[in-house]
There are 2 protein chains.
Amino acid sequence: MSDVARRAGVSLSTVSRALRGAPGVSPAVRAKVARAAAELSYVVSRDASSLVTGATGRVAAIVPFLRPWFFGAALAGISAELRAAGLDMLVYEVGDAEGLDSYVRALPLRRNVDAVIAVSLDLDDRETKQLDEIGVPVVYCSQRAEGRPSVFIDNAAAAAAATRFLLNLGHRRIAYVQSRDETGFSWISRHRRDGYLQAMAEAGAEAVVVTERDGPRGGAAAAARLLGAPNPPTALFAESDDVAMGALGVLRRSRVPVPEAVSVVGFDNHDVAEVLDLTTVAQPVSELGAAAARLAARLLRGGADPAEHVLLPTELVVRRSASAPRTAPGPTPEIPTDRRGRL
Amino acid sequence: MSDVARRAGVSLSTVSRALRGAPGVSPAVRAKVARAAAELSYVVSRDASSLVTGATGRVAAIVPFLRPWFFGAALAGISAELRAAGLDMLVYEVGDAEGLDSYVRALPLRRNVDAVIAVSLDLDDRETKQLDEIGVPVVYCSQRAEGRPSVFIDNAAAAAAATRFLLNLGHRRIAYVQSRDETGFSWISRHRRDGYLQAMAEAGAEAVVVTERDGPRGGAAAAARLLGAPNPPTALFAESDDVAMGALGVLRRSRVPVPEAVSVVGFDNHDVAEVLDLTTVAQPVSELGAAAARLAARLLRGGADPAEHVLLPTELVVRRSASAPRTAPGPTPEIPTDRRGRL
DNA sequence: ACTTGAAATGGCAACGTTTGCATCCATCTG
DNA sequence: CAGATGGATGCAAACGTTGCCATTTCAAGT
């Protein structure tokens with residue numbers, strides 16, 4: 001910076017003020033400084049600034065995993081908003097609860113970020129309190145944390161609506177497919193299941209919940225299990241599109257026509273759901289991230305309620321993987337004459 | 001840090017040395033300092049360290065987009081390796097070439113990261129030179145940059161092999177589906193197309209290249225166009241699984257049986273490819289990222305050739321979306337009697 | 001006992017910024 | 001025309017580390 005000062009013929013303070021757009025610099029000098037900085041391709045060192053201002057200009061996004069579609073979409077929203085606020089995004093993949101635990105205990109974020117955005121982390125009380133200790137504001141994304149800033153959807157209501165959609169189509173035997181990862185049930189799936197259970201109970205229908213591992217593999221396993229049941233369901237409601245897609249794969253390979261023999265509904269509106277004609281509950285994933293990032297930025301500016309909750313809407317996207325059940329259902333699904341084009 | 005020093009009853013220098021594991025500290029003192037730091041839940045400020053050491057402990061990963069499956073997988077690999085090296089990962093989504101341009105011009109990385117990993121950025125010479133100006137080592141991931149450290153696969157060879165696979169099955173009319181984003185052809189697609197063209201030429205088969213927009217939508221459009229051709233191809237080789245999945249969607253909705261009437265081959269081995277039974281060229285995406293991160297870390301330690309190239313292998317994953325063509329091909333594809341289970 | 005050397009520790013300057021305060025100068029007011 | 005006002009600018013002290021150098025301590029060798 002002193003190089004820039006020398007080149008522009010002014011003092012360090014003036015350069016600092018000019019480059020930050022701080023008031024108290026004449027337009028002429030400001031331009032001169034800008035030119036000198038450009039000529040030297042100089043940029044301020046955030047580290048040095050942080051040292052005196054105390055702000056790092058960085059926000060950490062903590063995700064359990066990086067590969068699933070959901071997190072890429074969420075990070076895209078976060079990234080865009082953070083950049084608009086002039087903040088950089090650090091990304092940490094913490095894995096399961098155990099990984100998170102060891103991660104949080106090490107407190108590497110302590111004085112190295114201004115805020116943390118925890119994406120879909122499924123924390124229990126103890127872990128939430130641990131995060132409080134980091135010493136910077138934590139915004140919860142795709143997750144409701146009482147008394148703390150969070151952005152989320154109403155998973156229970158959305159799942160109930162999707163379930164009622166199937167019920168209203170005439171389905172009675174609707175199975176819910178949930179995943180159990182190594183670390184127990186996830187917060188999100190729990191809520192979706194509760195919505196399903198409630199809708200089923202209200203309709204007087206018998207609930208069937210099958211639990212398999214996460215992802216398409218789990219969905220495949222669940223479909224296999226349900227096809228082997230004495231009285232197989234006419235509809236599957238999967239915790240996520242990933243799971244639903246696994247089930248669709250098994251059904252297709254088994255030549256069980258969807259939706260004629262079995263209807264399938266997912267959750268997320270995954271990018272691939274459209275291609276698969278999967279009826280699903282769409283949630284605004286990127287917007288979830290964006291809202292969390294905006295909330296974090298507002299928190300840093302001091303203009304936000306530190307316990308603000310943002311509820312985002314969901315929408316049932318009706319495609320062709322779910323329809324009214326066959327009127328005369330039998331235990332052995334027949335192949336309908338779909339070559340006639342009769343849906 | 002002075003708090004820790006006071007509590008441990010030693011000087012600042014000693015605390016600094018003890019906490020960094022530097023030599024010249026007695027085990028007793030080291031333990032005492034560690035305890036004091038833990039009691040105060042103190043962690044060193046990287047910013048302050050950076051100021052004097054000149055190293056930031058941060059590496060930037062620049063990706064064009066965050067949503068596609070590919071980048072999540074790549075970032076997962078990068079993240080894991082960087083963490084193993086004690087480095088933090090900053091992620092920037094730069095969008096298309098124009099976004100990258102304005103981004104690089106602003107040089108925000110200049111003195112704020114130790115290295116940059118450019119993931120699948122499709123840069124021309126001018127842009128590559130621009131990146132050189134950042135002043136920190138740049139590692140190219142999923143992209144070959146002459147004279148610069150890069151990690152990549154042999155796209156042309158892999159595409160040629162996939163094309164020959166179709167040729168050897170008996171296909172002659174094989175179309176290649178490529179995408180054109182707003183910024184022109186991508187580097188990667190170009191190479192894959194070249195491999196396809198070469199294999200077709202060697203077999204004396206006529207090449208057909210269709211260009212549509214990127215992603216499943218583009219694949220859908222391409223499939224629609226090919227179905228409307230006078231002599232439609234018996235096989236589609238798509239630039240990526242995303243594109244292939246779009247094509248599969250159109251074919252399924254149109255009741256064109258895959259692979260009986262049309263074989264489809266993709267590229268990437270997307271997580272969903274397995275569920276869709278998509279035959280595809282698998283590339284080790286996470287490993288691509290991991291290798292790039294390792295290379296970056298090695299570069300920072302000074303123990304790497306600054307022009308090192310890492311070539312990773314690909315593998316043709318044969319599933320059920322591609323098979324030998326029907327022996328008596330006709331212009332109007334018939335529905336084969338697939339209910340008999342005859343593949 | 002005295003020297004020698006190595007290991008452990010402390011003191012202090014420096015890293016590149018920001019910011020409060022002092023200073024300077026030009027313009028406006030009475 | 002003197003004095004007040006206020007904007008532009010410079011000076012210097014921090015911020016929390018690290019790393020060089022000096023000092024102390026202690027054990028071993030004479």
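Chain letters run A, B, ... following the sequence lines, proteins first and then strands; every chain starts at 1. What's counted below: heavy atoms across the whole structure, side chains too, no hydrogens, waters or symmetry copies.
A:Leu19 places its CG atom 16 Å from the P atom of C:dG16, with the value rounded to the nearest Å. In this structure, the CZ atom of A:Arg30 is 13 Å from the C1' atom of D:dT9, given to the nearest Å. Distance, A:Arg6 CZ to D:dG10 P: 14 Å, rounded to whole Å. Distance CG (B:Leu40) to P (D:dG16): 14 Å, rounded to an integer number of Å. If you measure from atom CZ of A:Arg46 to atom C1' of D:dC15, you get 17 Å, rounded to the nearest angstrom. Going from atom CG of A:Leu12 over to atom P of D:dA12 covers 12 Å, rounded to whole Å. At whole-Å resolution of the value, CG in B:Asp47 and P in D:dG16 are 11 Å apart. Counting to the nearest Å, the C1' atom of C:dT19 and the CG atom of A:Leu51 are 14 Å from each other.
Smallest separation of non-hydrogen atoms from B:Arg46 and B:Gly57: NH1-O, 3.6 Å.
At D:dT18, one or more side-chain N or O atoms of B:Ser16 fall inside 4.0 Å of OP1 or OP2 (strictly under the cut-off). Phosphate contact (OP1/OP2 of D:dA8, side-chain N/O of A:Ser26, threshold under 4.0 Å): absent.
The side chain of A:Ser13 has D:dG10 as its nearest neighbour among D:dG10, C:dA8, D:dT18. The side chain of A:Ala48 has C:dG16 as its nearest neighbour among D:dG16, C:dG16, C:dT9. Among the nucleotides C:dT18, D:dG19, C:dG20, the one closest to any side-chain atom of A:Arg20 is C:dT18. The A:Arg17 side chain lies nearest to D:dG10 when the options are D:dG10, D:dG16, D:dT18. Nearest nucleotide to the B:Val10 side chain, out of D:dG16, D:dT9, C:dG10: C:dG10.
Between B:Arg298 and B:Glu308 there is a salt bridge, since at least one side-chain N of the basic residue sits less than 4.0 Å from a carboxylate O of the acidic one.
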Q.
Run the side chain to side chain donor-acceptor pair (under 3.5 Å) test on A:Arg20 and A:Ser49 for me, step by step, so that the C-alpha distance in whole Å, both residues' side-chain angles and the decisive distance to 0.1 Å come before the verdict.
A. CA-CA 11 Å; A:Arg20 272 178 306 132; A:Ser49 315; over 6 Å; no

Q: Apply the test side chain to side chain contact (heavy atoms under 4.5 Å, CB included) to residues B:Ile117 and B:Tyr140: give CA-CA distance (whole Å), side-chain angles for both, the deciding distance (0.1 Å), then the verdict.
A: CA-CA 6 Å; B:Ile117 299 177; B:Tyr140 293 81; over 6 Å; no

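Heavy-atom distances to DNA chain C give each of B:Thr14 and A:Ser2 a nearest nucleotide, and the one nearer the 5′ end belongs to B:Thr14.
Counting any heavy atom pair closer than 4.0 Å across all strands shown, B:Thr53 reaches sugar-phosphate atoms only and no base atom.
Checked against the 6.0 Å centroid threshold, A:Phe65 and A:Phe71 do not count as a close aromatic pair.
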